[in-house]
Amino acid sequence: MRKIFLRMFSFGVMSGLMALCGSAWASDAAQKTELISPAGIVAVKQVDAVPHDGSLEGKRIVLRWNGKPNGDVFLDRVAELLEAKYKTATVVRAYRENPKTGIGAKEDIIVGGSEGQTKMIMAMKPDIVIASQAD
C-alpha cells in the first residue's frame with residue numbers, strides 16, 4: 001500500500017512540475033530572439049606580394065614552428081633540403097634558437113602574444129619565413 005501511495009504521489013508531483021514547465025514554455029513563445037554572430041565583421045584587405053628575384057641563394061631563411069606535434073620534425077627536414085640545395089643560404093630554426101616564437105609557447109602572454117612573437121622573428125632578420133602548421 002505504501003509503495004502504491006509513493007508512486008501515486010511521485011506521479012502527481014511530476015505531473016505538476018510538467019504543467020508548470022509547460023506554462024513557462026508557453027510564455028517564452030511570445031519572446032523575440034535575435035541571433036548575433038560573435039565573429040563580427042571581417043575586413044579583408046588586398047596586399048601586394050613582396051617582390052623577389054626567385055632564388056633563395058644568399059638569403060636568410062627563418063623556419064617557424066607552431067608547437068604542434070611533428071611540426072619540428074617536418075621543419076628539420078625542410079632545413080636539410082634547403083641547406084643541401086642552396087649552399088649560400090642561411091637557415092635559422094627559430095624554434096631552436098628561441099622557443100618563445102611558437103604559437104603554442106606558454107610564454108605567449110609574457111611576450112605579447114602573436115605580435116611579440118612576430119617581433120622576435122623579425123629580430124632574426126629573415127628574408128623569408130617558412131612556418132609549419134603541423135598537427
Side-chain angles (χ1 to χ4, degrees):
M1 176 83 169
R2 186 174 175 187
K3 287 183 181 180
I4 294 172
F5 174 74
L6 287 175
R7 285 185 185 156
M8 290 176 63
F9 177 75
S10 297
F11 179 75
V13 169
M14 291 303 291
S15 298
L17 286 174
M18 289 174 68
L20 285 174
C21 289
S23 64
W25 287 329
S27 66
D28 285 346
Q31 293 182 355
K32 290 175 104 176
T33 303
E34 182 180 354
L35 179 63
I36 300 173
S37 171
I41 298 170
V42 178
V44 179
K45 295 180 182 177
Q46 178 91 20
V47 295
D48 296 326
V50 176
H52 58 87
D53 62 6
S55 174
L56 295 178
E57 288 296 347
K59 303 291 189 217
R60 185 169 175 83
I61 306 164
V62 174
L63 304 179
R64 181 178 188 271
W65 174 38
N66 70 346
K68 301 262 181 122
N70 295 319
D72 57 338
V73 175
F74 172 75
L75 286 174
D76 285 341
R77 181 64 178 138
V78 169
E80 291 171 10
L81 294 171
L82 289 170
E83 290 166 343
K85 186 169 182 175
Y86 303 102
K87 302 292 186 204
T88 61
T90 303
V91 179
V92 179
R93 293 168 175 91
Y95 50 95
R96 300 239 191 275
E97 286 198 15
N98 187 348
K100 294 179 182 180
T101 59
I103 293 171
K106 292 179 182 174
E107 297 85 1
D108 281 358
I109 297 169
I110 298 168
V111 299
S114 61
E115 185 178 334
Q117 291 164 343
T118 301
K119 288 178 183 177
M120 284 187 272
I121 293 286
M122 294 310 294
M124 296 177 183
K125 306 288 186 206
D127 291 305
I128 185 171
V129 177
I130 298 174
S132 170
Q133 304 302 103
D135 243 334

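Considering every non-hydrogen atom in both G71 and S132, the closest pair reads CA-OG, 3.5 Å. Considering every non-hydrogen atom in both L63 and L75, the closest pair reads CD1-O, 3.4 Å. When every heavy atom of E57 is checked against every heavy atom of K87, the shortest pair comes out as OE1-N, 3.8 Å.
Using a 4.5 Å cut-off on side-chain heavy atoms (C-beta onward), W65 and N70 make no contact. Inter-residue side-chain proximity for R64 and I130 is flagged as unmet; no heavy-atom pair is nearer than 4.5 Å.
Remark: the backbone N or O of M122 is not paired with any side-chain donor or acceptor of K125 at under 3.5 angstrom. No donor-acceptor pair under 3.5 Å is formed between the side chain of T90 and the backbone N or O of R60.
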Exercise. Does the pair K59 and T88 meet the rule for a side-chain contact (heavy atoms from CB on, under 4.5 Å), with working shown?
Worked result: CA-CA 7 Å; K59 303 291 189 217; T88 61; over 6 Å; no
For this session: List the steps, then state whether side-chain contact (heavy atoms from CB on, under 4.5 Å) holds for E83 with V78.
Result: CA-CA 9 Å; E83 290 166 343; V78 169; over 6 Å; no
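If you run side chain to side chain contact (heavy atoms under 4.5 Å, CB included) between V92 and each of V129, V62, I61, only V62 comes through.
Of the charged side-chain nitrogens involved, none lies within less than 4.0 Å of a carboxylate oxygen, so that D72 and R77 do not count as a salt-bridged pair.
Taken together through direct or relayed side-chain contacts under 4.5 Å among Ile, Leu, Val, Met, Phe, Trp and Tyr, I121 and L56 form parts of separate hydrophobic clusters. The hydrophobic clustering, which links ILVMFWY residues whose side-chain heavy atoms are closer than 4.5 Å, places V73 and Y95 apart.
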